[in-house]
Amino acid sequence: KGGKDQLVIDAGQKHFGTTMCKSCGMIYTASNPEDEIQHLQHHHRFLEGIKFVGWKRERVVAEFWDGKIVLVLPRDPSYAIKKVEDVQELVDLELGFQQTVPVCPDKTKTFLFIDEKRVVGCLIAEPIKQAFRVLSEPSATKECSRAWRCSDVPEPAICGISRIWVFRLKRRKRIARRLVDTVRNCFMFGCFLSTNEIAFSDPTPDGKLFATKYCNT
Ligand code: ACO
C-alpha cells in the first residue's frame with residue numbers, strides 16, 4: 001500500500017480481483033476486507049432503497065413489456081415522497097452530487113421506471129425558463145473531463161432534467177430514452193416537448209453521451 005497501486009495477494013480465494021455484485025451492481029475488490037465491508041453496507045442500503053412494493057394509487061404514465069413509469073408529484077402521499085427521497089439519495093451518492101435544493105420544489109416531477117419490484121430508473125424534472133447550450137469540445141478533452149464549456153447565450157427552454165439515472169445492471173436497455181420520451185409527453189399538458197425545449201443540468205460524462213445521442217447534437 002502507500003503509492004497509487006493496491007496489491008492483492010492471491011491466496012487461492014474463491015473470488016479474486018475486481019468483481020461486480022450481480023444484485024446491487026457495485027464494483028469492488030473481493031478479497032479486500034475493507035472493500036467487502038463497504039460492499040455489504042452499500043448492498044443492503046441500495047437494495048432497500050430501490051425496493052418498490054407497489055402503491056394503492058400509482059400514477060402510471062407509461063407501460064412497457066419490461067416495466068412501467070410512475071410519476072410522483074410534490075403533493076403525493078408521504079410513502080411516495082419518501083421513496084423518491086430515498087432513490088434520490090442513492091442517485092446523488094453515485095453521482096457525487098452535493099445536497100441540492102430544487103429551484104421550485106413544488107413543481108418538481110419525478111419519474112420512476114419500475115421493473116417488477118424495483119426502481120431501476122429515475123428522472124427528476126423541473127420547470128426552467130432558459131438553458132445554455134454545451135459547446136463541442138476539442139477531441140483531446142472529450143469525455144475525460146466534466147468541465148464542459150457552455151455558450152453564454154441563453155436559449156429558451158421549458159423542462160430542466162436535474163437528474164437522470166439508471167441502475168447499473170439495467171443500462172443500455174433504453175430505459176433513459178423511455179424516461180425522457182415520457183417527460184416530453186407529460187411535462188406540459190397537451191404538448192410533446194421538442195428536444196430544444198428540454199435541458200440536462202450539469203451532465204456527467206455518461207449523461208453527456210446519452211444526451212448527445214438522444215438529442216442528435
Ligand atoms: N456511452 C455511450 N453512449 C451511451 C451511453 C454511454 N455510457 N449511455 C447511453 N448512450 C447512448 C447510446 O447511443 C444509447 O443507445 P444504444 O444503447 O442503442 O447504443 C442511447 O444513448 C440510449 O441509451 P439508454 O439505453 O436509453 O441509456 P441508459 O438507460 O443506459 O441510461 C444513463 C443512460 C442515465 C446516462 C446511465 O448511463 C446512468 O445512469 N449513468 C450514471 C448516472 C449518470 O451519469 N447520469 C447522468 C447524470 S447528468 C444529469 O442527471 C442531468
Side-chain angles (χ1 to χ4, degrees), residues 21 23-27 38-39 41-62 67-128 131 146 157-171 173-187 193 198-211 214:
C21 173
S23 317
C24 76
M26 180 169 164
I27 300 163
Q38 267 201 3
H39 167 235
Q41 286 169 344
H42 173 267
H43 188 93
H44 295 298
R45 185 172 166 208
F46 183 84
L47 294 181
E48 198 50 43
I50 66 166
K51 191 160 97 188
F52 184 85
V53 287
W55 300 328
K56 245 191 249 157
R57 278 186 299 146
E58 291 167 10
R59 199 178 290 102
V60 178
V61 286
K68 62 184 172 191
I69 296 179
V70 170
L71 167 62
V72 180
L73 298 175
R75 279 182 247 297
D76 278 355
S78 54
Y79 54 79
I81 302 294
K82 171 83 171 59
K83 180 59 27 182
V84 164
E85 283 170 359
D86 288 352
V87 172
Q88 186 178 340
E89 205 177 301
L90 296 173
V91 172
D92 284 359
L93 206 69
E94 185 173 331
L95 291 175
F97 278 16
Q98 299 300 325
Q99 188 83 42
T100 47
V101 184
V103 189
C104 341
D106 55 333
K107 294 198 176 129
T108 302
K109 296 186 176 176
T110 305
F111 296 79
L112 301 176
F113 193 107
I114 313 290
D115 107 351
E116 293 160 19
K117 297 268 174 242
R118 296 175 308 178
V119 176
V120 293
C122 171
L123 187 157
I124 305 179
E126 54 188 346
I128 53 168
R146 209 177 138 175
I158 292 172
C159 169
I161 296 176
S162 75
R163 308 275 193 299
I164 181 159
W165 166 89
V166 171
F167 176 30
R168 192 184 294 278
L169 301 175
K170 289 283 172 179
R171 291 189 188 155
K173 295 181 190 300
R174 312 208 145 212
I175 291 179
R177 182 176 278 278
R178 287 180 275 169
L179 279 165
V180 181
D181 286 345
T182 306
V183 171
R184 288 170 65 193
N185 201 17
C186 297
F187 195 74
L193 299 180
I198 59 170
F200 295 82
S201 65
D202 190 17
T204 56
D206 268 355
K208 189 166 178 263
L209 286 164
F210 165 74
Y214 183 89

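Sequential numbering from 1 along the given sequence is applied to the chain's residues.
- Rounded to the nearest 0.5 angstrom, His42 NE2 and Leu47 CG are separated by 8.5 Å.
- We find that Arg163 and Asp92 are joined by a salt bridge, their nearest charged nitrogen and carboxylate oxygen being less than 4.0 Å apart.
- At a threshold of 4.5 Å between non-hydrogen side-chain atoms, the residues Pro74 and Lys107 do not count as touching.
- A side-chain donor-acceptor contact under 3.5 Å links Glu58 to the backbone of Trp55.
- Applying the salt bridge (charged side-chain N to carboxylate O under 4.0 Å, His left out) test to residues at least two apart or on different chains, the pairs with a partner in residues 173-182 are Asp66-Arg178.
- Evaluation of the ring-ring contact (aromatic ring centres under 6.0 Å, His included) rule for Phe113 yields Phe64 as partners, not counting sequence neighbours.
- Between Ile114 and Val120 there is no side-chain heavy-atom pair separated by less than 4.5 Å.
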Checklist entry - Is there a side chain to side chain contact (heavy atoms under 4.5 Å, CB included) between Ile164 and Phe210 once you walk through the steps? => result CA-CA 10 Å; Ile164 181 159; Phe210 165 74; 4.0 Å; yes
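- Contact check for Gln88 versus Cys122: no side-chain heavy atoms found under the 4.5 Å cut-off.
- Using modelled atom types, no side-chain atom of Arg168 and backbone atom of Met26 make a donor-acceptor pair closer than 3.5 Å.
- Here the side chains of Ile69 and Leu179 are in contact, with some heavy-atom distance below 4.5 Å.
- Ion pairing of Arg57 with Asp76 is absent here, as no side-chain N (NZ or NE/NH1/NH2) approaches a carboxylate O to less than 4.0 Å.
- Between Phe200 and Ser162, the closest side-chain pair of non-hydrogen atoms is not below 4.5 Å.
- Across all non-hydrogen atoms, the minimal contact from Lys170 to Ile175 is O-CD1, 3.7 Å.
- Aromatic ring centres of Phe46 and Phe167: separated by under 6.0 Å.
- Of the inter-residue distances, the one linking Asp202 atom CG with Lys208 atom NZ reads 12.0 Å to the nearest 0.5 angstrom.
- Residues Glu89 and Arg45 are paired through a salt bridge, judged by an N-O separation under 4.0 Å between the basic side chain and the carboxylate.
- Because its NZ or CZ atom is both nearer than 6.0 Å to the ring centre of Phe187 and within 45° of the ring axis, Lys109 counts as a cation-pi partner of that residue.
- Atom CD1 of Ile81 and atom CG of Asp86 lie 11.5 Å apart (nearest 0.5 Å).
- Residues Ala176 and Val166 come closest through the heavy atom pair N-CG2, 3.9 Å.
- Put simply, SG on Cys24 and CD on Glu48 are 13.5 Å apart, with the number rounded to the nearest 0.5 Å.
- Rounding to the nearest 0.5 Å gives a distance of 4.5 Å between OG1 of Thr110 and CD1 of Ile124.
- By the 4.5 Å heavy-atom criterion applied to side chains, Val183 and Cys159 are counted as neighbours.
- Side-chain contact between Ile198 and Val180 is present, with heavy atoms from C-beta onward closer than 4.5 Å.
- Judged by distance alone, with hydrogens and angles left aside, the side-chain atoms of Lys83 form a donor-acceptor pair with the main-chain N or O of Lys51 at under 3.5 Å.
- The structure places CD1 of Ile50 at 8.0 Å from CG of Leu90, a figure rounded to the nearest 0.5 Å.
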